[in-house]
2 protein chains.
Amino acid sequence: MSGVEDSLRILRSKGYRVTQPRKLVLKVLERAEGPVSPYDIQKILQQEGERLNHVTIYRILDLFCLLNLAHKVLLCGGFVKCALGKREGCHRFMVCRQCGALREFADKALCEEESAIARDFGFVAEHHFSEFFGLCSNCNS
Amino acid sequence: MSGVEDSLRILRSKGYRVTQPRKLVLKVLERAEGPVSPYDIQKILQQEGERLNHVTIYRILDLFCLLNLAHKVLLCGGFVKCALGKREGCHRFMVCRQCGALREFADKALCEEESAIARDFGFVAEHHFSEFFGLCSNCNS
DNA sequence: GTCTTAATGCAATAATATTGCATTATTGCC
DNA sequence: GGCAATAATGCAATATTATTGCATTAAGAC
Ligand SMILES: [Mn+2]
Ligand SMILES: [Mn+2]
Ligand SMILES: [Zn+2]
Ligand SMILES: [Zn+2]
């Protein structure tokens, strides 16, 4: 569940078309160091001589998020390519405040604990979002 | 750490002025059922015959967040009045997808576990954000 | 290649956010 | 209470981000 090819496979398997714009956005997400906004993506592509309408980029990102091929990072509003498989539970992020590095992770135990906390309030948690902000291994040593 | 008065006290104690606009925004946050955006706040006040410039509202919300008198709910972009004290650790939310009800909570154990997870990746987590999305006690029965 | 239609592009518009500077109102002090 | 200092606000202009409807294009099936 990582490379661009996998994502294209998933698109196809769900009946979505594999289009040039979708491939371009996927490539940008793949190579991006950190989260990128729709307009970031447009600029990056422009620098490579490619042109995409921003509306198209919005719609593509919507779809990718729907299919869990990408995620919106709530802390910054940017988008990242999903790096994990489907079986691992909720996908979350650690973001380095120094270098911007972003790491996706998943943790079943954390999901459990969060569901339990919610239950204590009579709340049924269907989705768990969490993001950590701090210093990555490179920046804290 | 709840009423409007407490917030005003904190403002004063940190050397900020207690102004009419700040009181108005606090009142709106206090009464709001769920998260409200800057423009929501402006509209609500308008309906009560009060007028506030949106720039002012943005600046006030920035300040409130800085002082932890309010929080931005990442899932929806709206703002809520902080309902908890300072000692309880990270402040988090459960949002009902049905009625929009929002509940702030804090959980030391969760903080611990999250820090441990981060540590396993060599990451030093300074802030933890999390939000649950699901059904509140009213809506899931 | 042709056909079908999902996907894209475009134009217009809406909504949200930011900046610099003039004006106002809060606070501390007399 | 009045006055001065200045933090806070309002305003205008602008920038950025997001959404909608419809015409056009190109992906996939045959
Ligand atoms: Mn993921
Ligand atoms: Mn709080
Ligand atoms: Zn780093
Ligand atoms: Zn509910």
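Residue numbers begin at 1 in each chain, while the letters A, B, ... track the order of the sequences.
- Counting to the nearest Å, the C1' atom of C/dT26 and the NZ atom of B/Lys14 are 20 Å from each other.
- Using a 4.0 Å cut-off between charged side-chain N and carboxylate O, B/Lys27 and B/Glu48 make no salt bridge.
- Scanning atom types as modelled, no donor and acceptor separated by under 3.5 angstrom connect the side chain of A/Tyr39 and the base of D/dA15.
- Distance from the side chain of A/Pro21 is smallest to C/dT8 among C/dT8, D/dG10, D/dA8.
- In summary, the side chains of B/Glu104 and B/His91 do present a donor paired with an acceptor at a separation below 3.5 Å, with no hydrogens or angles considered.
- A centroid separation of 6.0 Å or more is found between the aromatic rings of A/Phe79 and A/Phe64.
- The distance between atom NZ of A/Lys23 and atom C1' of C/dA6, rounded to the nearest whole Å, is 16 Å.
- Distance from the side chain of B/Thr56 is smallest for D/dG10 among the nucleotides D/dA8, D/dG10, D/dG21.
- Ring geometry for A/His127 against A/Phe129 counts as tilted: the plane angle lies between 30° and 60°, on a 0 to 90° scale.
- For A/Leu52 and B/Lys43, each mapped to the nucleotide of DNA chain C holding its nearest heavy atom, the one lying further toward the 5' end belongs to A/Leu52.
- Spacing between atom CG of A/Leu61 and atom P of C/dT8 amounts to 11 Å, rounded to whole angstrom units.
- Counting any heavy atom pair closer than 4.0 Å across all strands shown, B/Tyr16 reaches sugar-phosphate atoms only and no base atom.
- At whole-Å resolution of the value, CG in B/Leu63 and C1' in D/dA8 are 10 Å apart.
- Under the 4.0 Å criterion applied to side-chain N and carboxylate O atoms, A/Arg9 and A/Asp6 are assigned as salt-bridge partners.
- Judged by distance alone, with hydrogens and angles left aside, A/His54 brings no side-chain donor or acceptor close enough to the base of C/dT8 to form a pair under 3.5 Å.
- One interatomic measurement links the two molecules: CZ of A/Arg9 to P of D/dG28, which rounds to 15 Å at whole-angstrom precision.
- The 5' end of DNA chain C is approached more closely, in terms of each residue's nearest nucleotide, by B/Ser37 than by the other of B/Ser37 and B/Gln20.
- Set against D/dC11, D/dA27, D/dA5, the side chain of A/Arg17 has D/dA27 as its closest nucleotide.
- Using the six-membered ring where Trp is involved, B/His71 and B/Phe93 have ring planes that are perpendicular, over 60° apart on the 30 and 60° scheme.
- Looking at heavy-atom distances under 4.0 Å, B/Arg22 makes contact with sugar-phosphate atoms alone, never a base.
- Residue B/Tyr58 contributes atom OH, which lies 17 Å from atom P of D/dA15 at whole-angstrom precision.
- The side chain of A/Asn53 approaches C/dG9 more closely than any other nucleotide in the set C/dG20, D/dT19, C/dG9.
- Residue contacts for B/Arg12: at a heavy-atom cut-off of 4.0 Å it reaches no nucleic acid atom on any strand shown.
- A sub-4.0 Å separation between OP1 or OP2 of D/dT9 and a side-chain N or O of B/Thr19 is present.
- One atom, CD1 of A/Ile57, and another, P of C/dT8, lie 11 Å apart when rounded to the nearest Å.
- One finds no side-chain N or O of A/Arg59 lying less than 4.0 angstrom from the OP1 or OP2 phosphate oxygen of C/dC10.
- Among the heavy atoms of the strands lying under 4.0 Å from A/Val55 is at least one base atom, whether or not backbone atoms are also near.
- One atom, CG of B/Asp62, and another, C1' of D/dA7, lie 16 Å apart when rounded to the nearest Å.
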